[in-house]
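Chain letters run A, B, ... following the sequence lines, proteins first and then strands; every chain starts at 1.
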Number of protein chains: 2
Amino acid sequence: MNHRQTKQRQAILDTIERHGGHLTADEIHQLVKRRHPRLSLGTVYRNLHLLARQGVLCELDFGLAVTYFETTKAPHFHLICRICGKIEDAILPIERGLAALVRRAANADGFLIEEPRLDFIGVCPACRPKQSHASPPERTLKSLLNF
Amino acid sequence: MNHRQTKQRQAILDTIERHGGHLTADEIHQLVKRRHPRLSLGTVYRNLHLLARQGVLCELDFGLAVTYFETTKAPHFHLICRICGKIEDAILPIERGLAALVRRAANADGFLIEEPRLDFIGVCPACRPKQSHASPPERTLKSLLNF
DNA sequence: TTCCGTGCAAAAGGTTTGCACGCCT
DNA sequence: AGGCGTGCAAACCTTTTGCACGGAA
C-alpha cells in the first residue's frame with residue numbers, strides 16, 4: 001500500500017488545502033491545471049480516491065449530482081442550500097448530543113457504525129429572498145421537523 | 001398542479017407501497033414491468049420525481065451511485081452497509097435529541113432547514129464476518145466516532 | 001377535442017477505465 | 001531497469017430529455 005510521490009498528487013492536495021472549502025473534482029481540475037496544464041481529470045479522480053482511502057480527504061455526497069471533497073478535519077456537519085448549492089460547515093455544539101445518539105444506534109443491533117452523517121438541506125440566508133421565485137417544491141419538507 | 005391519474009403511476013406507487021422497503025428506479029422498473037411490460041424507465045423516473053414533489057415518496061441519496069426511493073413515513077434514519085449495500089431503517093428513540101439539535105442549528109445563522117439527514121454508514125451484522133476480506137478502507141473511519 | 005403522460009431512443013453528465021508512455025524509485 | 005502513475009480518449013451508468021403518439025378528462 002505504499003504509493004509514489006508525484007507532482008500531480010502533491011499539487012492536488014496543496015490546492016485543496018489552500019482553498020480550505022468544499023470542491024468538486026472538476027473545480028479541483030480547473031484550479032490545478034493553472035500550474036499543471038496537462039493534468040487530466042482522470043488523474044484527479046484517481047488521486048482524490050486514493051487520498052480519501054488514506055484518510056487525508058473526505059468525500060461528501062449530498063445527492064446534488066456531484067461529489068465534493070474536503071480535507072479531513074474534526075467531525076462537523078453541513079448546511080447545504082438547495083437553491084445556490086453553497087455548502088457551509090455547521091459549527092454547532094452538537095457533538096455531545098450526537099455522540100449519545102451514535103452510541104445508542106451502535107448498540108441497537110450489532111451494526112458497526114463507521115461514519116455518522118448529519119447534514120441539513122435547506123435555504124441559506126442569502127437565498128431566502130429569492131426563495132419564492134426559485135420553483136419551490138410542491139410540498140415543503142418542514143413537516144419533517146415535527147419530531 | 002393537478003395531474004392526471006394513469007395506470008403507470010398507480011402501478012408504480014402500488015409496487016413501492018407493497019414492497020415497503022428502499023428501492024432504486026431500476027428495481028421499481030423491473031418490478032412494475034411484470035404487469036406493464038411496455039413501461040419505460042423514463043416514465044418511472046418522471047413519476048418518482050412527481051410523487052416525491054407531492055410528498056408521497058422520499059428520495060434517498062447515500063452517495064452509492066444510485067438513488068433510493070421509499071414511501072414517506074414518520075421521520076427515521078438509515079443504517080447503510082458499505083459491503084452489501086443493504087439499507088435498514090434505524091428505529092431508535094433519538095427523535096427528541098435530534099429535534100433539539102435541529103432547533104439549535106436553525107437558530108444559528110438564519111439557515112432555513114427543510115430536511116435534516118441523519119444516516120450511518122458502516123457494516124451490518126451479516127457482513128461483519130466477511131469484513132476483513134472485503135477490501136476494507138486503508139484507514140477505518142472509526143476515529144470519526146470520537147465525539 | 002384537448003393536451004398531458006407515455007414509449008422509445010438519443011443525449012447528457014459525472015465518473016471510471018484501458019492502453020501505451022514516461023517518470024519515480 | 002522495473003513498474004507505478006499519468007494523459008488521453010473511449011466507455012460506463014444512471015438519469016434526463018426531445019419527439020410523436022395514445023389515452024385521460
Distance, nearest 0.5 Å, that separates [atom1] of [X] from [atom2] of [Y]:
{"X": "A:Leu39", "Y": "A:Ile12", "atom1": "CG", "atom2": "CD1", "result": "5.0 Å"}
{"X": "A:Lys33", "Y": "A:Leu41", "atom1": "NZ", "atom2": "CG", "result": "8.5 Å"}
{"X": "A:Thr24", "Y": "A:Gln30", "atom1": "OG1", "atom2": "CD", "result": "9.0 Å"}

Ring pair (Phe, Tyr, Trp, His ring centres under 6.0 Å) pairs, two or more places apart, involving residues 21-66 of chain A:
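Every ring pair (Phe, Tyr, Trp, His ring centres under 6.0 Å) pair that includes a residue of residues 21-66 of chain A, provided the two are not neighbours, is A:His22-A:His78, A:Phe62-A:His78.
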Let me have a per-nucleotide readout for nucleotides 20-25 of chain C, 5' to 3', with B, S or -, counting only protein heavy atoms under 4.0 Å.
----BS
Answer whether the closest heavy-atom distance between the side chains of [X] and [Y] falls below 4.5 Å.
{"X": "A:Lys73", "Y": "A:Asp89", "value": "yes"}
{"X": "A:Glu59", "Y": "A:Tyr68", "value": "no"}
{"X": "A:Thr15", "Y": "A:Arg35", "value": "no"}
{"X": "B:Leu50", "Y": "B:Val56", "value": "no"}

Residues within residues 39-49 of chain B bordering DNA chain D, heavy-atom distance below 4.0 Å:
B:Leu41, B:Gly42, B:Tyr45, B:Arg46, B:His49
Give, ordered by number, those residues of residues 18-29 of chain A having at least one heavy-atom distance below 4.0 Å to an atom of DNA chain C; if nothing qualifies, reply none.
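By residue number: none to list.
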Please enumerate all residues that pass side-chain hydrogen bond (donor to acceptor under 3.5 Å, both in side chains) together with B:Thr71, with sequence neighbours excluded.
none
Given A:Leu23 and A:Phe69, is the side chain to side chain contact (heavy atoms under 4.5 Å, CB included) satisfied, shown in steps?
CA-CA 5 Å; A:Leu23 292 166; A:Phe69 294 85; 5.6 Å; no
Walking along DNA chain D from 5' to 3', note the first and the last nucleotide with an atom under 4.0 Å from a heavy atom of chain A, and give both.
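The protein-touched segment is D:dG2 to D:dC8.
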Option among B:Leu60, B:Asp61, B:Ile80, B:Ile87 that satisfies the side-chain contact (heavy atoms from CB on, under 4.5 Å) test with B:Asp119:
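So, applying the side-chain contact (heavy atoms from CB on, under 4.5 Å) to B:Asp119 and each of B:Leu60, B:Asp61, B:Ile80, B:Ile87, only B:Ile80 qualifies.
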